[in-house]
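Side chains are part of it too, since the values below use all heavy atoms of this structure and drop only hydrogens, waters and symmetry mates. Computed from a predicted model, the values in this text were never measured in an experiment.
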Amino acid sequence: MDFRIDAVRAKFPALSLIDKGRRRIYLDNPAGTQVPQAVADAVSRCLLTTNANLGGFFETTVAAQDIVDEAHLAMADFLGAASPQEIIIGANMTTLTYHMSQTLGRTMKPGDEIILTRMDHEGNVSPWLQLAEDLGLVVRWLPFDQQSWQIEEAALAALLSERTRLVALNYASNLTGSINRVKALTGIARRAGALVYVDAVQFAPHGLIDVQNLGCDFLICSAYKFFGPHMGILWGRLDVIDALKPYKCRCSSNALPERFELGTPQIELMAGLSAAVDYFAELGAAAGAQGSRRLKIAKAFEVSIAYENPLAQQLIDGLSDIAGLTIHGITDPKRINERVPTVSFTVEGIVPETIVRQMNAENIFLWSGHNYAWEIVHQLGIPAEQGVVRIGIAHYNTAAEIDETLESVHRVVAMLRQERS
């Protein structure tokens, strides 16, 4: 494996910041990663040298259009899309999903059915629930298996009917870390005539996405989860989105993807988005990849997965040593490739926030709560107002950081238990 962690970390200025003599350990990555210097530079350069709206003939507006076009092309390479016309860029995953749900609602009628999972982030649940309420649709709930921690194909097949219009599912859970077999699930849904909408926000930082191979109709992700700016990106199969009539201004473009991109684009953030994709390509090139940007991105994920998975197992093994601690997700080392390095746990008798507050005070950054995995905590019987402790690894973290974090968890749990006794 050719993964030079020191060279990777050197690209991220935030990793060297110190607060009152304390180093920072960033394990809040499922909520948002840090960015390479190149991303910040691209955003700044756009604002300072190509700051204009689109559609004119002078230098800055022409240059701004180039930035917008390159962002769509970069994301087509990142997701394996057939064309940049299939790439819709917007404010964030939730906003884009609300917009697409309303657009798809124009093709549905009362009594039509949609399938939602108990494993999804609320951003891929509430838009569809509210659409169902507005239109009189029937919602079918698909639980995840609490042995495999995944959505099982047989469970999905049992819910499908001739009235199913859409299946919304996730690629990887932002709480359990489990990766679903999206291609197999999509095949089952598509054979039943349903559209498939995939939330890949948690998977995108940790694995190569190939939308054409998956066979789904829509796939969405968030750039700020893979070292980019705060943006959402929605891929839609060309023949599907071309047939849709979105909510838009009457006088705005009817071309693709512009008809789905409401208002003035966030051009400076699109510059940062392209830089984030190029960061992956550079990582792949440093590992020996040659050829297209797509091939270099694929290599980047190959080496980063090989680096991340041992860190995740190190974390899981260390947490498993604590009596009364439950990891909610896959722990079997033989199945480490079936999860992303997001690990959530609870400790018997201790409120998750109390653990997190103590660790945050040590400059170890992580989260507690339901983390918008609303359906998961309810299926597992975890109090939603408490949730879990969530630790999320990115490929700029180190084994030493995991060791230090584990030492902190052990010490904090012991301290809190002593205070209770």
Side-chain angles (χ1 to χ4, degrees), residues 1-47 71 74-75 78 174 201-208 221-231 233 268-287 289 293 296-297 299-312 314-315 340-343 359-360 362-367 390-405:
M1 180 186 70
D2 190 1
F3 190 85
R4 303 166 189 170
I5 185 59
D6 290 342
V8 167
R9 287 178 65 85
K11 295 179 183 293
F12 292 82
L15 303 185
S16 62
L17 295 177
I18 296 174
D19 303 300
K20 299 178 181 178
R22 285 186 179 271
R23 58 50 199 132
R24 293 182 177 185
I25 296 179
Y26 294 91
L27 291 169
D28 58 331
N29 300 298
T33 52
Q34 302 306 303
V35 302
Q37 182 69 52
V39 170
D41 288 345
V43 173
S44 176
R45 186 166 55 248
C46 176
L47 286 170
M75 283 308 302
F78 189 77
N174 75 317
V201 170
Q202 284 299 313
F203 184 79
H206 304 293
L208 183 69
C221 58
S222 298
Y224 71 101
K225 303 297 176 77
F226 56 84
F227 318 114
H230 286 84
M231 306 194 80
I233 304 95
E268 68 278 10
L269 300 187
M270 289 187 179
L273 175 60
S274 296
V277 173
D278 285 339
Y279 162 74
F280 279 94
E282 291 165 8
L283 187 62
R293 178 162 57 184
K296 292 173 183 175
I297 292 167
K299 183 65 173 180
F301 278 113
E302 178 187 329
V303 296
S304 64
I305 290 168
Y307 177 78
E308 286 178 349
N309 281 355
L311 295 184
Q314 175 187 351
L315 176 62
V340 297
T342 296
V343 180
M359 295 181 67
N360 286 173
E362 298 175 14
N363 251 23
I364 301 173
F365 302 162
L366 42 89
W367 288 97
R390 184 177 71 176
I391 301 176
I393 295 168
H395 69 231
Y396 49 55
N397 291 121
T398 66
E401 289 180 327
I402 302 305
D403 278 339
E404 193 168 345
T405 298

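Gln314 meets the side chain to side chain donor-acceptor pair (under 3.5 Å) test with Asp403; sequence neighbours excluded. Looking at residues two or more places apart in sequence or on another chain, you find a side chain to side chain contact (heavy atoms under 4.5 Å, CB included) between Ser274 and Glu70, Ala71, Ala74. Remark: Tyr279 pairs with His395 by the side chain to side chain donor-acceptor pair (under 3.5 Å) rule, at least two apart or across chains. Here Glu308 pairs with His206 under the side chain to side chain donor-acceptor pair (under 3.5 Å) rule; sequence neighbours left out. In this view, Arg22 and Glu362, Asn363 satisfy the side chain to side chain contact (heavy atoms under 4.5 Å, CB included) rule, not counting sequence neighbours. Not counting sequence neighbours, the partners of Phe280 by the ring pair (Phe, Tyr, Trp, His ring centres under 6.0 Å) test are Phe78, Phe227, Phe301. Every side chain to side chain contact (heavy atoms under 4.5 Å, CB included) that Val201 has, sequence neighbours left out, goes to Met93, Asp199, Ser222, Lys225. Under the side chain to side chain contact (heavy atoms under 4.5 Å, CB included) criterion, Ala285 pairs with Lys296, not counting sequence neighbours. For Asp278, the salt bridge (Lys or Arg N to Asp or Glu O under 4.0 Å) partners two or more places apart in sequence, or in a different chain, are Arg293. Partners of Arg24 according to the salt bridge (Lys or Arg N to Asp or Glu O under 4.0 Å) rule, which considers only residues two or more places apart in sequence or in another chain, are Asp19.
Scanning both residues, Ala275 and Ala42, for their nearest heavy atoms gives CB-CB, 3.8 Å. Among all heavy-atom pairs drawn from Ala289 and Lys299, the shortest one is CB-CB, 3.5 Å. Here the closest non-hydrogen pair linking Thr405 and Ile391 is CG2-CD1, 4.1 Å. Closest approach of Leu273 and Ala223 over heavy atoms only: CD1-CB, 3.6 Å. Heavy-atom minimum distance, Val303 versus Ala300: CG2-O, 3.3 Å. Nearest approach of Ala312 to Pro341, heavy atoms of both residues: CB-CB, 3.8 Å.
Looking at Asn174 and Thr342, their side chains never come closer than 4.5 Å, going by heavy atoms from C-beta outward. In this structure the side chain of Cys46 never reaches within 4.5 angstrom of the side chain of Met270, judged on heavy atoms. Residues Ile364 and Arg23 have side chains in contact (heavy-atom distance under 4.5 Å, counting atoms from C-beta outward).
Contacts classified as ring pair (Phe, Tyr, Trp, His ring centres under 6.0 Å) and involving residues 13-42 (residues at least two apart or in different chains) are given here: Tyr26-Phe365.
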Check the pair Ile25 / Leu366 against side-chain contact (heavy atoms from CB on, under 4.5 Å), numbers first and verdict last.
CA-CA 9 Å; Ile25 296 179; Leu366 42 89; over 6 Å; no

Should Tyr224 and Val35 be marked as a side-chain contact (heavy atoms from CB on, under 4.5 Å) after you check the CA-CA gap, both sets of side-chain angles, and the distance that decides it?
CA-CA 8 Å; Tyr224 71 101; Val35 302; over 6 Å; no

Go through it in stages, so that I can follow the logic: the residues are Asn397 and Asn29, the test is side-chain contact (heavy atoms from CB on, under 4.5 Å), and I'd like the CA-CA distance, side-chain angles, deciding distance and then a yes or no.
CA-CA 10 Å; Asn397 291 121; Asn29 300 298; 3.2 Å; yes

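Between the side chain of Ser44 and the main chain of Ala40, no donor-acceptor pair closer than 3.5 Å is present.
The line from CD1 of Ile233 to CE of Met75 is 4.5 Å long, rounded to the nearest 0.5 Å.
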Using distance only, find each side-chain donor-acceptor pair of residues 9-17 under 3.5 Å and give its atom names and separation, not counting sequence neighbours.
unit_1, atom_1, unit_2, atom_2, d
Arg9, NH1, Tyr396, O, 2.6
Arg9, NH1, Glu401, OE2, 3.4
Ser16, OG, Pro13, O, 2.9

